[in-house]
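Along the sequence shown, the residues carry numbers beginning at 1. Only a predicted model underlies this, so the values are computations on that prediction, with no experimental measurement involved. Worth knowing before you read on, the calculation uses all heavy atoms, side chains too, and leaves out hydrogens, waters and symmetry mates.
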Amino acid sequence: MPSLLRHLLPIGLLLIAADAAAVVRPWPGSGICAGTFHACANGADDGDTIEIVTATPIDEADNGIGKAVSVRAGSGIAATFAAGRRLRLQPGGTTPFEVRVEGLRFLDGGIEITAMAAGSITLRNNDILAQSEPNAIFLVGFGYDVPDYTLTVLIERNRVQVARAGGSGINVVAQGPDVVLQARVLDNLIAAKGDTAENGDGFGRRGIALQVESNASPSQLLVERNQILPDPARGELARMCSGISINASASASIRTRIANNLALLKSDGNSLASNLWINAGSSADVRARIVNNTLVGGRSGLRIGTSSGEAVGIDASFANNLLRDHPAYGVIVAPLGAGRVVSNQSNAIFNVGGNVFTPGPNTITADPRTQGSHHRLGADSPLRNVGDLSAYTNPDPISMGLVLPIDGDGMRRWREAQIDIGAFEYGDFSTSLDQAIASAQLGLFGVAGIGDTPFNLQFTRGDGLRQDGIVLNANPITLGPIIPGLAPYLYAQNQVDLPAQAGFHLLVSSGGTGLATHTATAANAYGANGSSLPSALANVPADAIFLVNPGENGSAPGLRPVGAAHVGGAWRLLTSDGGNLALGLHFAVYMQPASVNAYVHAAAPANQPVPSVTLLDHPRLNGIPCANPQVSVDAGGSMPVPYVSAHYETGLQRWFIQSESPGTPILSGSRFFVLVDPRLSEDFCRGSLMQDGFE
């Protein structure tokens with residue numbers, strides 16, 4: 001197994017301009033912001049931020065904003081643009097500029113930005129319904145008769161629905177020979193809206209389209225962990241026609257990595273509508289790495305090159321991809337220019353009309369045995385543990401961003417002996433349990449992944465199988481002794497009964513990276529209340545996510561609430577109540593990089609309606625009672641923190657973290673690691689794609 005640390009460290013960072021020390025202007029507000037939104041934005045200075053502090057929909061003619069201003073929602077505000085209204089920006093003045101658009105809602109519109117000079121654009125956490133508009137997100141770097149410049153773009157965690165025939169979810173164009181585009185398109189959810197019986201114009205509705213005309217120097221494009229889905233309310237009746245397209249015009253130069261994406265499309269779309277299409281002219285220079293995508297539907301799966309028969313300037317490697325249900329072709333590779341190579345290995349291609357390429361080593365054509373709405377792998381899938389790990393971890397041909405060991409769900413990668421084929425990794429299991437009667441033990445009978453072989457168990461106290469049924473349970477709980485042939489159990493260390501109907505959320509992992517059983521010893525003691533983790537976990541980046549629970553400790557004395565913290569330049573385990581950490585205790589440790597589903601929550605007055613509670617606000621949790629979050633203390637926040645639990649409140653449609661000790665509040669500034677396994681909500685209780693709210 002390769003070193004996890006190696007793949008967490010930067011391979012080369014995409015440079016985004018730092019937050020400018022500029023003015024934040026509330027709107028509606030005073031001065032230039034006492035009138036309309038557009039008057040406020042156009043009257044602001046380059047670099048200012050317009051913070052929308054009203055939930056009343058903005059219903060103004062979108063005449064455009066000629067300033068490099070950022071726009072965001074105020075804390076707790078559903079900042080909304082009325083139906084038919086777009087946010088149109090044309091940054092000017094300051095070079096390089098910085099523009100951020102964050103947390104906005106569009107009832108029928110979108111975001112349109114035209115750049116004429118060097119700068120950076122960040123679009124994050126926006127909800128967009130594009131009904132009458134052709135593009136939900138449309139960015140243009142315009143470079144004719146403009147000196148060479150670099151446009152840096154980050155589009156992440158937006159949720160988009162596209163209703164118009166021929167429309168696109170995300171459309172970015174570097175127009176003209178003098179624009180170098182550095183773009184990251186990450187973790188976006190893009191869905192069709194309404195019927196798609198028509199193909200629309202050209203390629204029909206499509207998810208992500210990136211086009212580069214520049215030949216100044218190579219543009220770099222990272223497209224990762226996006227999901228292009230049917231209308232969540234209509235399923236098969238409403239799907240996109242095209243998924244992801246990369247187009248290099250004329251003699252453009254592109255370096256691109258496309259990884260961990262899911263696209264579920266119509267199978268009867270336009271004959272040129274491919275699920276993933278990389279296109280280039282004969283004089284272009286495109287180098288692409290296409291790894292671990294799941295492509296379902298679309299007339300064709302993967303198309304490399306044009307449909308005209310012209311030799312193309314593309315070098316590509318595609319590996320570990322799952323392609324299925326393409327009635328025309330699974331893979332089409334057009335004639336290549338002199339010296340060009342397209343290699344492939346370890347792909348799965350199933351139920352396709354044919355192929356125009358030579359399958360490489362370890363190509364699988366058997367039924368992939370996927371399950372659920374997202375075609376994740378089943379227990380008997382032949383795609384488990386047969387992928388090419390080196391193809392995934394190889395950062396070529398781009399130099400920006402990270403090659404992270406996380407999959408399309410934002411969960412840890414290569415959990416078992418080897419990486420799997422497709423966007424999603426098999427091997428972790430989430431479930432919920434209730435304590436049926438008052439007892440000091442809770443048997444883990446029949447929980448997937450638990451047996452006589454070693455496993456990592458993370459548990460969070462909470463609702464279990466119920467909602468709105470808070471049962472406080474401040475007992476110190478550990479994993480009971482594992483005896484071969486007998487089911488393991490959770491155990492109240494003080495031998496006081498766990499209350500009847502006390503609930504637990506469980507995450508069971510077996511093998512793979514990011515796991516450890518850690519024992520507190522004198523050799524690794526970090527003061528009286530801490531223990532230093534071994535180097536494989538101690539030296540991972542400071543923004544990693546850690547879950548920590550007592551391991552197999554039986555009735556060992558001295559158990560205290562424990563969390564992880566990055567202190568003194570390394571990761572340690574610390575008691576969260578200030579008590580001493582007893583030597584000899586075992587802990588199950590789970591670690592992965594931060595992702596859309598793995599993040600840090602901080603308690604603050606705005607999210608603490610009462611001192612014992614802190615509300616969570618996240619699109620994979622809001623309105624989804626079966627989301628089953630795992631919560632662990634970040635011991636780098638305010639202390640003390642008691643034992644805590646995670647509960648769902650039906651009236652609020654929110655999850656919250658609760659102190660299990662009524663007399664011990666959760667202090668403002670306390671921090672918690674939160675991990676959401678999206679498989680439960682998407683494959684089983686089908687949470688809505690477009691729920692509001694972001695952490």
Side-chain angles (χ1 to χ4, degrees), residues 23-46 48-92 99-114 121-140 155 157-171 188-194 231 233 617 619 622 688-694:
V23 175
V24 175
R25 300 181 183 274
W27 181 85
S30 59
I32 61 171
C33 291
T36 67
F37 166 78
H38 283 84
C40 175
N42 278 306
D45 296 324
D46 289 330
D48 286 355
T49 295
I50 310 302
E51 184 172 81
I52 300 173
V53 294
T54 175
T56 301
I58 298 172
D59 193 5
E60 303 174 11
D62 53 349
N63 297 321
I65 298 168
K67 293 290 184 66
V69 294
S70 297
V71 184
R72 72 187 186 199
S75 177
I77 301 295
T80 303
F81 282 71
R85 302 305 188 189
R86 295 174 67 81
L87 176 63
R88 296 175 56 240
L89 299 173
Q90 184 172 321
V99 165
R100 294 173 177 263
V101 180
E102 300 181 283
L104 306 185
R105 301 174 68 237
F106 296 84
L107 300 181
D108 171 12
I111 300 169
E112 179 179 329
I113 301 178
T114 302
I121 299 171
T122 298
L123 308 181
R124 182 185 288 122
N125 291 352
N126 299 289
D127 279 342
I128 303 174
L129 170 59
Q131 186 168 345
S132 58
E133 299 291 338
N135 298 288
I137 293 175
F138 185 41
L139 307 184
V140 178
I155 303 174
R157 304 182 186 184
N158 300 283
R159 294 173 299 170
V160 173
Q161 287 189 306
V162 181
R164 174 170 167 162
S168 296
I170 297 172
N171 191 357
N188 299 283
L189 294 176
I190 304 170
K193 177 65 177 176
D231 184 329
D617 184 6
N622 298 345
S688 171
L689 172 69
M690 303 302 288
Q691 293 291 340
D692 292 332
F694 297 91

Donor on one side chain, acceptor on other, T80 and R105, under 3.5 Å: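 A donor-acceptor contact under 3.5 Å links the two side chains.
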Can you give me the closest heavy-atom contact between [X] and [Y], atom names plus distance?
X    : Y    : answer
A79  : A73  : CB-CB, 3.6 Å
L89  : V101 : CD1-CG2, 4.1 Å
H38  : I65  : CD2-CG1, 3.8 Å
G167 : V162 : C-CG1, 3.8 Å
G169 : A136 : O-CB, 3.3 Å
C33  : P26  : CB-O, 3.5 Å

Short N-O contact, R159 and D127, less than 4.0 angstrom: yes
Heavy-atom check, side chain of [X] versus side chain of [Y], under 4.5 Å:
X    : Y    : value
N135 : E112 : no
F37  : L87  : yes
I170 : L123 : no
R124 : R100 : yes
I77  : E51  : no

Test applied, side-chain contact (heavy atoms from CB on, under 4.5 Å); reference residue, N158; option that passes from I111, N126, L104: N126
F81 and F106 aromatic ring geometry - parallel, tilted or perpendicular at 30°/60° bounds: parallel
Separation between CZ of R72 and OG1 of T122, rounded to the nearest 0.5 Å: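 OG1 of T122 is found 13.0 Å from CZ of R72.
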